[in-house]
2 protein chains.
Amino acid sequence: MRDLYHDELDAIGNSLVAMTHLAGTAMDRATNALLDGDLNGAERVVSDDTAIDALRADLEARTFALMSLQQPVATDLRVLVTTLHLVADLERMGDLALHVAKVARMRYPDIAVPPELRDVVSQMGQVALSLVDKVAEVIKGRDIELAAAIEAEDDSMDALHRKLFTLLLSPNWTHGTESAIDLALLGRYYERYADHAVGVARRIVFIATGEMQAGSAATGKPNGP
Amino acid sequence: MRDLYHDELDAIGNSLVAMTHLAGTAMDRATNALLDGDLNGAERVVSDDTAIDALRADLEARTFALMSLQQPVATDLRVLVTTLHLVADLERMGDLALHVAKVARMRYPDIAVPPELRDVVSQMGQVALSLVDKVAEVIKGRDIELAAAIEAEDDSMDALHRKLFTLLLSPNWTHGTESAIDLALLGRYYERYADHAVGVARRIVFIATGEMQAGSAATGKPNGP
């Protein structure tokens, strides 16, 4: 028979998956708002971010309550400590989507992304979405194989980030300094989003295997530029 | 008589203060390396970052061990949970100093900061250092008054960040796209560094008062551009 403790642990897991999907939807909407100059879409990401923040506060409180009431040890405690790290990463992913949406809003009615950069930005948005879908699956099932695929997608994001910078620094760049700065910051938001996704996956692998991967993805260390 | 539990809690607190000073020294050296085009200084920040990372791993392990062995509740548990958040913020501050150092290294033997931006970047470095000194004091003594001063310094950092962007986007900007992107990203590193410092202070105020401040500084939400 299941006990209340494990029921609540499952419920927390479900909320983590829900939070992951919210962070994914936010970045998907932010990317579309950015590429289409869609003010309403951007505003929606901004207003929906409060739900992600509220979910973080709720999950932190519930995790703390379980720690306090149940005094878990070993793997159970590790799962709860990891949950605290995961909600921090997921909230930050929501914030990065928010930053993307704010660039779209700031440039409205113009479109922040020049035509020759649409492809690379669109691909960064697709990789972000694919990453977050995989992260949700990893949280559901602690699937270590999928965690490896997440690392590979993070490499794709880094490659897109480098490509973006190559285009920005090309002698053919005609869109001025402000636009270049917008795009450089946007590139960083997507890259950091991917780093946090990898961080989430690594934390879960750590619970499953007891071994932390080399490097801490959410610190963004291996990545340039 | 003190028990082993509280001795270890004190030792963890001392390590947190040490980690704060390492994050401060890193940003101070990174700023100097950036302004002086000092390759050795930049390299030192890069190599010293492993010590900050190691301290995070050590502090996480010790905090987890205390949770597991002592099964604390209420304020004691909150202090340990908060410690996990603080080490994450402090490690990230070290990473942001590392990013600053890497810009200095990437542009060597040139100096990444054009003459007319030296003042504002130098001031950002000074505010960062002042912030981190106050954060160390707050960690030592849980001084809520000092936490308010930290919020005020974060406002100064935001003002400097806006000033930097005004200079970058001035029609008089003659240093090209690459330099503008460097400076925009540098501005973001300093601003995020300050956000994490505020996040640390807010977490400690929360322990002392049980009330979380409005907004979560480390999420960087209130700040533009």
Side-chain angles (χ1 to χ4, degrees), chain A residues 46 49-50 52-53 56-57 60 63-64 67-74 76-78 80-82 84-85 88-89 91-92 94-96 98-99 102-103 106 165 168-171 173 175-185 187-189 192 199 212 215-216 218-221 223-225, chain B residues 46 49-50 52-53 56-57 60 63-64 67-74 76-78 80-82 84-85 88-89 91-92 94-96 98-99 102-103 106 165 168-171 173 175-185 187-189 192 199 212 215-216 218-221 223-225:
Chain A
V46 173
D49 188 58
T50 53
I52 298 179
D53 294 348
R56 174 184 181 167
E60 280 194 0
T63 303
F64 187 83
M67 283 179 172
S68 196
L69 294 172
Q70 302 286 343
Q71 310 204 328
V73 294
D76 282 350
L77 178 59
R78 198 167 293 285
L80 292 176
V81 165
T82 298
L84 294 174
H85 291 298
D89 278 321
E91 192 208 353
R92 187 75 202 134
D95 288 339
L96 290 161
L98 179 74
H99 288 322
K102 283 186 173 174
V103 175
M106 186 165 56
F165 269 73
L168 291 181
L169 298 174
S170 144
W173 181 257
H175 304 284
T177 306
E178 184 167 76
S179 176
I181 290 175
D182 275 356
L183 270 296
L185 291 173
R188 182 147 179 91
Y189 301 148
R192 290 293 301 150
M212 198 67 190
S216 174
T219 65
K221 254 166 226 151
N223 304 309
Chain B
V46 173
D49 188 57
T50 53
I52 298 180
D53 294 349
R56 174 184 180 165
E60 281 195 0
T63 303
F64 188 83
M67 282 179 172
S68 197
L69 295 171
Q70 302 285 344
Q71 310 205 326
V73 295
D76 282 350
L77 178 58
R78 198 167 293 285
L80 292 176
V81 166
T82 298
L84 295 174
H85 291 297
D89 278 320
E91 191 207 354
R92 187 74 200 134
D95 288 340
L96 290 161
L98 179 73
H99 287 321
K102 283 185 173 175
V103 175
M106 187 165 56
F165 269 73
L168 292 180
L169 298 174
S170 144
W173 181 257
H175 305 282
T177 306
E178 184 167 77
S179 176
I181 289 174
D182 275 355
L183 270 296
L185 291 174
R188 185 153 176 85
Y189 302 148
R192 291 294 300 152
M212 198 68 188
S216 173
T219 65
K221 250 163 224 154
N223 304 311

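Reminder, nothing fancy here: chain letters follow the sequence lines and each chain counts from 1.
A search for side chain to side chain contact (heavy atoms under 4.5 Å, CB included) contacts involving B/Ala88 returns B/Arg56, not counting sequence neighbours. Checked against ring pair (Phe, Tyr, Trp, His ring centres under 6.0 Å), A/His85 has no partners two or more places apart in sequence or in another chain.
Between chain B and the options A/Leu77, A/Thr177, A/Val73, heavy-atom pairs under 4.5 Å are most frequent for A/Leu77.
The side-chain heavy atoms of B/Val81 and B/Met67, taken from C-beta on, include a pair separated by under 4.5 Å.
Both the backbone and the side chain of A/Leu168 come within contact range of chain B, with heavy atoms under 4.5 Å apart. A/Ala57 does not touch chain B: none of its heavy atoms, backbone or side chain, sits under 4.5 Å away.
A salt bridge between B/Arg92 and B/Asp95 is present, with a side-chain N of the basic residue lying under 4.0 Å from a carboxylate O of the acidic one.
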